[in-house]
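Both counts, for ligands and for their atoms, begin at 1 and track the order of listing. The structure presented is a predicted model; accordingly, all values stated were derived computationally and were not measured.
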Amino acid sequence: MSRTHFDLSRRDLLIAGAGTAVAATALSRFVPEAHAAAPMLGGSRPTHYRFKLGDFEITTIFDGQLAIPKVHPIFGKNQKIEDVQAYMTENHLPADKMTISFSPVIVNTGKEVVLFDTGYGEERRDKGAGKMAATLATAGFSPDQIDVVVITHCHPDHVSGLREGDKTSYPNARYVTGDVEYNFWSNKDLLSHSDKGMVGRAKAVQSNVVPLVEKIKFIKPGDDVVTGITSIQAFGHTPGHMIYNLESGGKRFVIFADVTNHYVASLAKPDWHCIFDMDAEVAVATRKKVLDMLAADKIPCSGYHMPFPAVGYVEKNGGGYRWVAASYQMDL
Ligand SMILES: [Zn+2]
């Protein structure tokens with residue numbers, strides 16, 4: 001067997017240590033020339049994350065992310081732009097741009113597979129979101145295995161993935177959403193709203209949610225989706241936004257959807273208005289109430305716009321809160 005750079009003898013090392021010229025000679029005898037012929041692959045990240053909660057199995061799915069060319073006034077609309085930008089810089093984030101990511105959650109209770117929100121679907125696939133259809137398979141699920149789809153609220157990043165082309169994405173599913181939320185968004189008057197953004201969101205509901213009405217169960221805060229999954233009122237982000245408490249084997253987990261939209265700003269500065277919140281003040285009150293509960297009871301949780309895998313804990317920190325991302329020890 002010929003010698004390689006892996007089997008330098010002690011003598012070779014002593015020679016190499018004796019001087020630069022000698023070292024170069026010793027190494028050139030054994031180190032093969034590098035070619036670096038492999039192409040650059042671009043960035044990479046995991047697309048699903050799975051762990052146990054009692055008898056449940058929870059999987060978060062990466063639907064993708066969108067680049068947004070500003071931070072203020074999306075976050076901190078009621079603050080000075082320079083204060084918001086300084087706070088981003090302080091937190092190692094760009095001051096004048098950001099990415100926002102989307103993370104639906106699948107809960108397998110052992111009896112049914114429940115999907116919370118569906119990602120952006122085709123609508124923003126060309127911009128880097130809407131990957132759910134592809135990542136679902138990577139995570140080990142097929143669309144026909146989804147028994148229940150829960151819609152936390154009707155914004156396009158949560159409902160546009162309900163359909164692919166002219167077909168429903170989850171052929172065997174029944175659907176669950178809040179009655180307040182559906183009644184607000186399904187009103188056709190919104191299609192002639194003076195705010196173009198509202199018209200776009202209303203159109204997304206008309207094309208993705210309304211056609212499913214026969215299969216939707218409308219619930220109120222406190223109602224169960226299935227045994228062990230209960231809705232909690234969290235109005236403000238949208239008129240009928242709801243979050244979900246999971247309990248299995250004495251363990252608890254909360255899917256808090258869009259109570260927060262930014263893992264730093266929404267937690268550290270819960271009073272900062274977010275442009276995505278339809279009633280900013282009600283959303284602030286809800287945010288504080290939910291974050292207080294998560295922090296006080298040390299409840300593991302998932303937020304739709306938290307950094308993937310979008311699973312962690314909330315802690316009190318000064319006058320606000322901070323996001324504590326899940327570690328590899330997340331099995332509960
Ligand atoms: Zn959202």
H273 and Q79: side chain donor to acceptor below 3.5 Å = no

query = When you check the gap from the basic side-chain N to the acidic O, do D277 and R287 get nearer than 4.0 Å?
reply = yes

request  = Tell me, yes or no, whether the heavy-atom count around E82 atom CD, taken from other residues, nucleotides or ligands under 6.0 Å, exceeds 12.
outcome  = yes

query = Would E164 and R125 pass as an ion pair if we require N to O under 4.0 Å?
reply = yes

key: the Zn ion (ligand 1): protein N, O or S atoms that are less than 2.8 Å away, sorted by chain   = D157 OD2, H158 NE2, D258 OD2, H305 NE2

task = Assign the ring pair H155 / H153 to parallel, tilted or perpendicular, where the plane angle (0 to 90°) is split at 30° and 60°.
result = perpendicular

request  = Taking atom types as modelled, find out whether Y49 and S302 have a side-chain donor-acceptor pair closer than 3.5 angstrom.
outcome  = no

